[in-house]
Amino acid sequence: MNRIKWDLSLLRLTGVDKVGVVVVRIIAALVFLICLLPGVSTAGYDYINISNPFLFKIPVAVPVFKAMTHTPAPNVQASTNGDTGPASLESAIARDAADLLAGTLVFTRYFEIIDRAAFIEEPAEKGITLEEVNCKNWRDIEAEFLITGGVSLRNDVMSLELRLIDVFKERMLIGKKYKGRASDQRTMVRRFCSEIMKRFTGGPGIFESRIAFVSTGTGHKEIYTCDFDGYNPQQLTHDNSINLSPAWSADGRWLAYTSYRKGHPDLYIKHLTENRGVVFSRDGVNISPAWKPDAFSLAATLSFSGDQEIYLLTGTGKILKQLTRSWGIDVSPTFAPDGERIAFVSNRSGSPQIYIQDIASGATQRLTFEGGYNTTPDWAPKKNRIAYCAMEAGEFNIKVIDIETKEIVGLTGGQGDNESPSWSPDGSLIAFSSTREGGVPKIFVMSAAGTDQKRLLNLPGKQTCPRWSPSVAAGE
């Protein structure tokens, strides 16, 4: 009965109107009654698709991992409490790895980590295998899943074994063992989290992705990158100039951006791990690049012909095709997941609005009609939805529009200016810039439904124009 209770709780929504809540509760009640009918069984039930961001978060217990050995290891430094030796170092790493794994899962917005103060037993003392775990103790504290881990240090080599256990079915769902240096623990944890996301959603999640953005921390607008969770920020450009609009290639190995390094807006296409690339420079502006999915080509706005039109270029800077033809300004292209359409911003109707164009035929239709200023569209990686920035009542906010139904959902409001939305590679999160903290723009991340809005990182200066990479970035 407990498992049925959890399954039904996933039907409940947050942030919807009261009528919607009533309807969902009626549905849940009907499902519950059906489950009680003779001949109806939940034995064949597997795991629900949690890609719906309105679903309740799944409760997971992540105890401190177990220090597995006491074998002396060379070059062992003092642990955080001043002790030395492999046991104390293993214990410190075990706690750090468990905390890191819990925080990584929380970042997805899908999981709720149960407070360790509620734990009835400690796998670090008792054991980390399914046979050594008392699943009832974890069900009693309302955990649905348990993650156990063990850390071993031998000759400067760290082994980390991790298990995901379903405490209701009393079954191990995932078991993995990783080896490397102690400094590799973040990579190990992320890979296990990817396994968890594959198990629950069918996709690897976001754990090997990165985010590019613009920062003024040096006094100039430079391009930076960081991991999906804000860890490891790195300055990419050192031009002492204005750099804008970073865009990732489909394989995550190239970054295109606009730079005023030579005094005018040129398009730079740069390999992230090798010292090579091209500079595309034509008269006028060369701005707002966007890479085509699964192809070494990109769209950008050029004005060498007089008007600001969108063109399709190769990754080496050769013009393939002019995509837009209008009297107005056409900027900010973004590709559909299949690469056959683009959305872009145009003022051809008198004010900035979002349009969609079929690349092959050139057929164009206006998408947004609500409001007089809609910009910076970003096409969702899996569904026919576009996130964009809209100005209303003097404030910029993030909205999402369904391309088929034209339904619009506002995701931000009443917290400063919120601009430049960018979808995560799995479509579950959106990065954006916001001035909600002291009027200075910083990078924030929220769920695709607009919940759990949190700042990503805190660097000096202003951070704007976030752009999420594909699942694997920078030669990972």
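- Between Q357 and I310, every side-chain heavy-atom pair lies at or beyond the 4.5 Å cut-off.
- Put simply, the side chain of T334 never gets that close to the backbone of S332: no donor and acceptor are under 3.5 Å apart.
- Each of W248, Y268, F296 was compared with W254 under the ring-ring contact (aromatic ring centres under 6.0 Å, His included) criterion, and only F296 meets it.
- Residues T375 and P352 approach most closely at CG2-CB, 4.0 Å, considering heavy atoms.
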- Task: Assess whether side chain to side chain donor-acceptor pair (under 3.5 Å) is satisfied between T301 and S288, documenting all intermediate values.
- Result: CA-CA 6 Å; T301 294; S288 63; 3.2 Å; yes
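- To the nearest 0.5 Å, the span separating NZ on K270 from CG on L236 amounts to 4.5 Å.
- Between the side chains of Q353 and S351, at least one donor N or O lies within less than 3.5 Å of an accepting N or O.
- Summarising the geometry of I242 relative to L244, their closest heavy-atom pair is CG2-CG, 3.8 Å, with the distance given to 0.1 Å.
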- Task: Begin with the C-alpha distance, continue with both residues' side-chain angles, and end with the deciding distance and a verdict on side-chain contact (heavy atoms from CB on, under 4.5 Å) for R253 and L272.
- Result: CA-CA 6 Å; R253 297 177 183 273; L272 290 172; 5.9 Å; no
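- Closest non-hydrogen pair, S209 versus P470, comes out as CB-O, 3.4 Å.
- A distance-only check finds no donor-acceptor pair linking the side chain of D307 to the backbone of E309 [under 3.5 Å].
- Counting heavy atoms from C-beta on, the side chains of T412 and R436 come closer than 4.5 Å.
- Looking at T435 and P441, their side chains come closer than 4.5 Å, going by heavy atoms from C-beta outward.
- Scanning all heavy atoms of the two residues, the minimum distance from A448 to G427 falls at CB-O, 3.6 Å.
- Residue S422 holds its OG atom at 9.0 Å from CD1 of I430, rounded to the nearest 0.5 Å.
- Cation-pi contact between R190 and F192: absent, since separation from the ring centre below 6.0 Å together with deviation from the ring axis within 45° is not met.
- Taking 4.5 Å as the limit, some side-chain heavy atom of Q308 sits within range of a side-chain heavy atom of S303.
- Counting only distance, with no hydrogens or angles, the side chain of N347 and the backbone of I329 share a donor-acceptor pair below 3.5 Å.
- Nearest heavy atom pair, residue T201 against residue Y110, reads CG2-CE1, 4.4 Å.
- Side chain of D227 to main chain of D229: no donor-acceptor pair is present (N/O by atom type, distance under 3.5 Å, no hydrogens or angles).
- Taking the charged nitrogens against the carboxylate oxygens, R139 and E170 do have a contact shorter than 4.0 Å, which makes a salt bridge.
- A cation-pi arrangement is absent between R191 and Y178, since the terminal nitrogen or guanidinium carbon is not both under 6.0 Å from the aromatic centre and inside a 45° cone about the axis.
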Under 3.5 Å donor-acceptor pairs involving side-chain atoms of residues 388-396, not counting sequence neighbours:
unit_1, atom_1, unit_2, atom_2, d
E392, OE1, K399, NZ, 3.1
E395, OE1, N397, ND2, 2.7
E395, OE1, G414, N, 3.1

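- Distance check: E419 CD to T376 OG1 gives 7.0 Å after rounding to the nearest 0.5 Å.
- R186 CZ: more than 12 foreign heavy atoms inside a 6.0 Å radius.
- Residues A380 and P337 share a closest heavy-atom pair of O-CG, 3.3 Å.
- Using cut-offs of 30° and 60° for the angle between ring planes, the F107 and F228 rings count as perpendicular.
- With hydrogens and angles ignored, the 3.5 Å screen pairs a side-chain donor or acceptor of Q453 with a backbone N or O of L411.
- Rounding to the nearest 0.5 Å places OH of Y257 at 12.0 Å from OG of S245.
- A donor and an acceptor atom, one from each side chain of Q463 and S215, are located under 3.5 Å apart.
- Taking the side chain as every heavy atom from C-beta outward, V400 and W423 approach each other to under 4.5 Å.
- With ring centers used as reference points, Y311 lies 6.0 Å or more from F280.
- Here the side chains of D239 and H220 are not in contact, with every heavy-atom distance at 4.5 Å or above.
- Under the 3.5 Å distance criterion, the side-chain polar atoms of T216 are left unmatched by any main-chain donor or acceptor of G461.
- The number of heavy-atom neighbours closer than 6.0 Å to CZ of R276, taken from other residues, nucleotides and ligands shown, is above 12.
- With D99 contributing its side chain and D96 its backbone, the two residues share no donor-acceptor pair below 3.5 Å.
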- Task: Give the intermediate values and the outcome of side-chain contact (heavy atoms from CB on, under 4.5 Å) for residues D426 and S471.
- Result: CA-CA 8 Å; D426 66 350; S471 293; over 6 Å; no
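- The aromatic ring centres of F145 and W138 sit 6.0 Å or more apart.
- Within 6.0 Å of NZ in K406 there are more than 12 heavy atoms belonging to other residues, nucleotides or ligands.
- With no hydrogens or angles considered, no side-chain donor-acceptor pair links T464 and S433 at under 3.5 Å.
- Side-chain atoms of K321 come within 3.5 Å of backbone atoms of I359 as a donor-acceptor pair (strictly under, hydrogens ignored).
- Looking at T258, its side chain never comes within 3.5 Å of a backbone N or O of P265 through a donor-acceptor pair.
- K292 contributes atom NZ, which lies 11.0 Å from atom CG of L298 (distance to the nearest 0.5 angstrom).
- Crowding of D358 atom CG: a count of heavy atoms from other residues, nucleotides or ligands under 6.0 Å exceeding 12.
- Annotation for E407: atom CD does not count as buried by contact number, only 12 or fewer foreign heavy atoms lying within 6.0 Å.
- Contacts of D330 classified as side-chain hydrogen bond (donor to acceptor under 3.5 Å, both in side chains), with partners at least two apart in sequence or in another chain: T324, S326, S346, R348.
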- Using the side-chain contact (heavy atoms from CB on, under 4.5 Å) rule, take F213 and K442 through it: C-alpha gap first, then chi angles, then the decisive distance, then the call. CA-CA 10 Å; F213 57 95; K442 301 290 183 181; over 6 Å; no
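- By the 4.5 Å heavy-atom criterion applied to side chains, S259 and D266 are not counted as neighbours.
- If you take OG1 on T368 and CD1 on I354, they are separated by 5.0 Å, rounding to the nearest 0.5 Å.
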- Message: Show, in sequence, the C-alpha distance, side-chain angles and deciding distance for I223 and V214, and conclude whether the side-chain contact (heavy atoms from CB on, under 4.5 Å) test is met.
- Response: CA-CA 5 Å; I223 306 294; V214 176; 3.8 Å; yes
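- A 4.5 Å side-chain heavy-atom check between D378 and W468 finds every atom pair outside the cut-off.
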